[in-house]
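By convention here, the first residue in the shown sequence is residue 1.
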Amino acid sequence: MTINMGVVDLGQVDLLVQEGFYSNRSDLVRTAVRNQLVLHADAVKQTVSRRTLMVGLLDCSRADLERAAASGERLRIQVVGLARIADDVTPELARAAIESVSVLGAFHASAAVRRALADRMI
C-alpha cells in the first residue's frame, strides 16, 4: 500500500513519531486504519452480510476444486481478506471449478492460474 500525503500532514506524523506517540510512520498509519475500521464496523458487517462475502482466509486446495468440478458446481469466490489457491492447482482445474473471483485484500495463486482466471476476476 502506498499513501500520498501533503507535506504538512507528513510533518505532523513525523512530529508524533518524534514525540514518542508512535514507534514509526507505519505504526501511526496502522493505528489510524484500525480506528477507522472500528468506527465503520457496522457498515462493513452489513455489507458483508448483504453481499454474502467471506471474511478472513479462504484456502482452496486441489481436492476442494476437484470435488467442485466433479459435482458440476462452479465456485464464486468472494472474500474480504485473503484467498489462496494451492500451488498444485492447474489452470484447467481452476477454470473448470471457479466461476468468478472477487477479493478485497490479497489473492494468492500461481501466475498460470491467475492468467487462467483473469477474465473471471471481478
Side-chain angles (χ1 to χ4, degrees):
M1 176 187 305
T2 301
I3 299 173
N4 294 315
M5 299 179 71
V7 293
V8 173
D9 292 339
L10 185 58
Q12 291 178 55
V13 167
D14 287 343
L15 180 63
L16 290 172
V17 169
Q18 190 178 58
E19 290 298 309
F21 288 95
Y22 300 94
S23 58
N24 53 45
R25 290 174 175 175
S26 293
D27 184 32
L28 180 142
V29 171
R30 272 191 301 275
T31 300
V33 168
R34 286 185 190 122
N35 289 341
Q36 288 300 303
L37 292 173
V38 168
L39 181 66
H40 298 290
D42 287 339
V44 169
K45 193 179 299 182
Q46 290 171 8
T47 301
V48 164
S49 177
R50 184 181 77 247
R51 292 176 52 187
T52 60
L53 300 170
M54 183 198 166
V55 177
L57 167 66
L58 174 68
D59 259 324
C60 294
S61 70
R62 182 180 184 138
D64 294 333
L65 297 182
E66 286 172 342
R67 273 193 298 278
S71 71
E73 180 185 3
R74 304 237 357 233
L75 303 177
R76 291 178 19 196
I77 297 172
Q78 297 183 53
V79 176
V80 175
L82 171 61
R84 271 191 311 221
I85 297 179
D87 288 337
D88 62 348
V89 171
T90 65
E92 297 77 22
L93 176 57
R95 286 195 62 80
I98 299 172
E99 180 177 318
S100 64
V101 178
S102 174
V103 179
L104 299 171
F107 178 54
H108 294 180
S110 70
V113 167
R114 284 177 160 277
R115 283 191 301 275
L117 296 176
D119 62 333
R120 298 175 186 193
M121 303 287 283
I122 300 171

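- Here the side chain of Asp27 pairs a donor or acceptor atom with the backbone of Ser23 at under 3.5 angstrom.
- Hydrophobic cluster membership differs between Val80 and Phe107, with clusters built from Ile, Leu, Val, Met, Phe, Trp and Tyr side chains linked at under 4.5 angstrom.
- Leu58 and Val55 are not part of a single hydrophobic cluster, where members link through side-chain heavy atoms under 4.5 Å apart.
- A heavy-atom distance below 4.5 Å is not found between the side chains of Ser100 and Ile77.
- Other residues, nucleotides and ligands place more than 12 heavy atoms under 6.0 Å from the CG atom of Asp119.
- Under the side chain to side chain contact (heavy atoms under 4.5 Å, CB included) criterion, Glu19 pairs with Leu15, Phe21, sequence neighbours left out.
- When all heavy atoms are compared, the tightest approach of Ala83 to Val103 is CB-CG2, 3.7 Å.
- When the side chain to side chain contact (heavy atoms under 4.5 Å, CB included) test is applied to Val44, the partners found at least two apart in sequence or on another chain are Val48.
- Expressed to the nearest 0.5 Å, how far CE of Met5 lies from CD of Gln12 amounts to 8.5 Å.
- When side chains are defined from C-beta on, Val79 does not count as touching Leu53, because their heavy atoms never get closer than 4.5 Å.
- Using a 4.5 Å cut-off between side-chain heavy atoms of Ile, Leu, Val, Met, Phe, Trp and Tyr, with links allowed through other members, Leu37 and Ile3 fall into the same hydrophobic cluster.
- The list of side chain to side chain donor-acceptor pair (under 3.5 Å) pairs with a residue in residues 103-114, not counting sequence neighbours, is empty.
- Checked against salt bridge (Lys or Arg N to Asp or Glu O under 4.0 Å), Arg25 has the following partners two or more places apart in sequence or in another chain: Asp14.
- Listed by first then second residue, pairs satisfying side chain to side chain donor-acceptor pair (under 3.5 Å) with a partner in residues 58-73 read Asp59-Arg84, Ser61-Asp64, Arg62-Glu66, Asp64-Arg67, not counting sequence neighbours.
- Taking every heavy atom of both residues into account, Cys60 and Val89 meet most closely at O-CG2, 4.4 Å.
- In this structure, the side chains of Met1 and Val33 stay at 4.5 Å or more apart for every pair of heavy atoms.
- Looking at Arg120, its side chain does come within 3.5 Å of a backbone N or O of Arg95 through a donor-acceptor pair.
- Counting non-hydrogen atoms of neighbouring residues, nucleotides and ligands closer than 6.0 angstrom, the CZ atom of Arg76 reaches no more than 12 such neighbours.
- The closest side-chain heavy-atom distance from Ile122 to Val101 is not below 4.5 Å.
- Here CG of Leu82 is found 9.5 Å from CE of Met54. Values are rounded to the nearest 0.5 Å.
- Side-chain contact between Ser26 and Leu28 is absent, with no heavy-atom pair separated by less than 4.5 Å.
- At least one side-chain heavy atom of Ile85 sits less than 4.5 Å from a side-chain heavy atom of Leu65.
- Residues satisfying the side chain to side chain contact (heavy atoms under 4.5 Å, CB included) test with Leu39, not counting sequence neighbours, are Gln36.
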